[in-house]
Amino acid sequence: MISLYNTLGGERQPFVPGDADRVTMYVCGPTVYGPAHIGNARPAVVFDVLARLLRRRYRLVYASNITDVDDKINQAAAEKGVPIATVAQRWIRTWREDIAGLGVLAPDRQPLATEHVPQMIGLVKSLLKSGHAYEAEGHVLFRVGAYAAYGELSGRNRDEQIAGARVEVAPYKEDPADFVLWKPSSDELPGWESPWGRGRPGWHLECSAMAREHLGETIDIHGGGRDLIFPHHENEIAQSCCAHGAPLARYWMHNGMIRMGKSKMARSVGNILTIRELREKVPGEVLRLALLSARYRDPLEWTDELIAASRQRLDRLYRVLLDCAAESREEGLAQAVEPSVELVQALEDDLNTPAALGVLAREARELRAGTVEPAAGAASLKAGGFLLGILQTDPGEWFTAAESGPELGAEEIEARIGERARQREAGDYAAADRIRKELGERGVILEDGPQGTTWRRTAL
RNA sequence: GGCCAGGUGGCAGAGUGGCGAUGCAGCGGACUGCAAAUCCGUGGACGCCGGUUCAAUUCCGGCCCUGGCCUCCA
């Protein structure tokens, strides 16, 4: 039994899909106007774990969109003096590389907003027809007052909302809470012909149209960052429910924010760390583990200590795997092994990844202690790792592969080790220690064993 | 101001009405030329004030604090 915290209702609930043969999940993806930061990566990673978990039990169709038409993209293009499509394409490519580097399996569908404009126009038409929307000065607006359940997801009522609103109220709005479905485009802006003139869609509309197109009117799980609950998801619900006469999603899941210092990581705050720059220094797998070290709903403070501890954790697990591989030459016999029951239970409990990592650590300890057969134990560890999206690298490679950048090559390291071995044989330990220290400063740790000296890389 | 999360040991972070996960760090020991790695052992916690209970970190109430949303935002 999988249980999930449902923002709609504010409680953990048993997961019961509408159709067990076709479970559907939609997660709001990025708007592509610049390099994505590690905060953007959290939902991608978290819902990737959920997708892996769901696939154990169900046939899943997982869609995650990319918003490639947006005023921020227009602005970025104008600033650089390049076509809008160039900006969008560049950052779409970057985004895909970035999350692939974090071990995120490609969603089944990755719809682009610009490829679904006809569907969006259709949605607006039906909302106009049913009286849930109105035209005003080239815009089409959603009439919030026409949807009684508005505010259900975010838990706010209309009065509070108006009281707290600092929104600039466009004069053509019937009600300050009304939001844009379609807006007019000038000639230099991207635009599509529509019954209301040349224009472009409002942000919220995209997700409603794409979710409908790829997954159906009522989907099982809709995910995204907590900061999207209002207004984005609230508006999606309003549009979709009014257009389709059916709920948009059964379960709404929201991940907590990544923090840097005292506030959330956000471009507007100026405290972002891009996935790109992080990956120059740290393997993507370490970043992934760091993202999974807290529960997905909680905020996560991003620090150097977090990265260091994540790296150590992973090193430890890989070391066990490495030793197991050495012990049981005949690997391959334990290939299609199931992850441990405890690990699966932890994840099925609203994606309790910290507990799952605890299970992995315990399994590793048992392997160390020799109470489990190495090949089978290692296979189980890897199977558990797969659910989390870690531990799939060859252990030997894990410790010797170089990060990007000018690091010491393997040949050079081997040569220095040979040199050191001669010094040790000659009893010149001072010189030998110098070499070890020097390599250590360059991120290479030497370990002397009965079989000779081995080396591995570590975080600098 | 309104709404929503959360406050656990040096740090990160699970969990539970009574038996104190897990990782990193620390301490003692084994191993090692010395280290590293590994192994054995070990100390240390539940924001504050009340209440319920035989028993509360865990349930209830109040307070304090932190973060998120109310505007673009993963």
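So that the names make sense, note that chain A is the first sequence line, chain B the second, and so on, each numbered from 1. What's counted below: heavy atoms across the whole structure, side chains too, no hydrogens, waters or symmetry copies.
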Exercise. Is the Lys NZ or Arg CZ of R297(A) less than 6.0 Å from the centre of Y5(A)'s six-membered ring, within 45° of the axis?
Worked result: yes

Exercise. Which atoms form the tightest heavy-atom contact between V344(A) and L387(A), and what is the distance?
Worked result: CG2-CD1, 4.1 Å

Would you call [X]-[Y] a salt bridge at under 4.0 Å N-O?
| X | Y | result |
| --- | --- | --- |
| D71(A) | K183(A) | yes |
| K264(A) | D227(A) | yes |
| R422(A) | E425(A) | no |

Problem set entry | Atom pair distance, as rounded to whole Å: CZ in R368(A) and C1' in rA37(B) | 8 Å

Exercise. Between atom CD in E342(A) and atom P in rU22(B), what is the gap in whole Å?
Worked result: 13 Å

For this session: Would you kindly say whether S154(A) and E234(A) are connected by a side-chain donor-acceptor distance under 3.5 Å?
Result: yes

Exercise. Can you tell me if D350(A) and Y296(A) form a side-chain donor-acceptor pair at under 3.5 Å?
Worked result: yes

Seminar exercise, completed: So, with a heavy-atom separation below 4.0 Å from RNA chain B, the residues of residues 38-48 of chain A are G39(A), N40(A), P43(A)

For this session: Could you tell me if the ring centre of H254(A) sits under 6.0 Å from that of H222(A)?
Result: no

Looking at every strand, decide which applies to [X] at a 4.0 Å heavy-atom threshold: base, sugar-phosphate, or nothing.
| X | result |
| --- | --- |
| T454(A) | nothing |
| R420(A) | base |
| D70(A) | nothing |
| Q312(A) | sugar-phosphate |
| G449(A) | nothing |
| R313(A) | base |

Quote, to the nearest angstrom, the [atom1] distance that separates [N] from [M].
| N | M | atom1 | answer |
| --- | --- | --- | --- |
| rC48(B) | rU8(B) | P | 11 Å |
| rG62(B) | rG67(B) | P | 23 Å |
| rA37(B) | rG47(B) | C1' | 40 Å |

Exercise. Of the nucleotides rG33(B), rG15(B), rG6(B), which one has an atom closest to the side chain of R295(A)?
Worked result: rG15(B)

Exercise. Which of parallel (below 30°), tilted (30 to 60°) and perpendicular (above 60°) describes H139(A) and Y172(A)?
Worked result: parallel

Problem set entry | Whether H204(A) and H232(A) hold their rings parallel, tilted or perpendicular, with breakpoints at 30° and 60° | tilted

For this session: Determine which bases of RNA chain B form Watson-Crick or G-U wobble pairs with both distances under 3.5 Å, and write the result as a 5' to 3' dot-bracket string with | for other-strand partners.
Result: (((((((..(((.....[...))).(((((.......)))))....(((((..]....))))))))))))....

Can you tell me whether the side chain of [X] and the base of [N] have a donor-acceptor pair closer than 3.5 Å?
| X | N | value |
| --- | --- | --- |
| R424(A) | rG33(B) | yes |
| N352(A) | rG15(B) | no |
| D227(A) | rC72(B) | no |

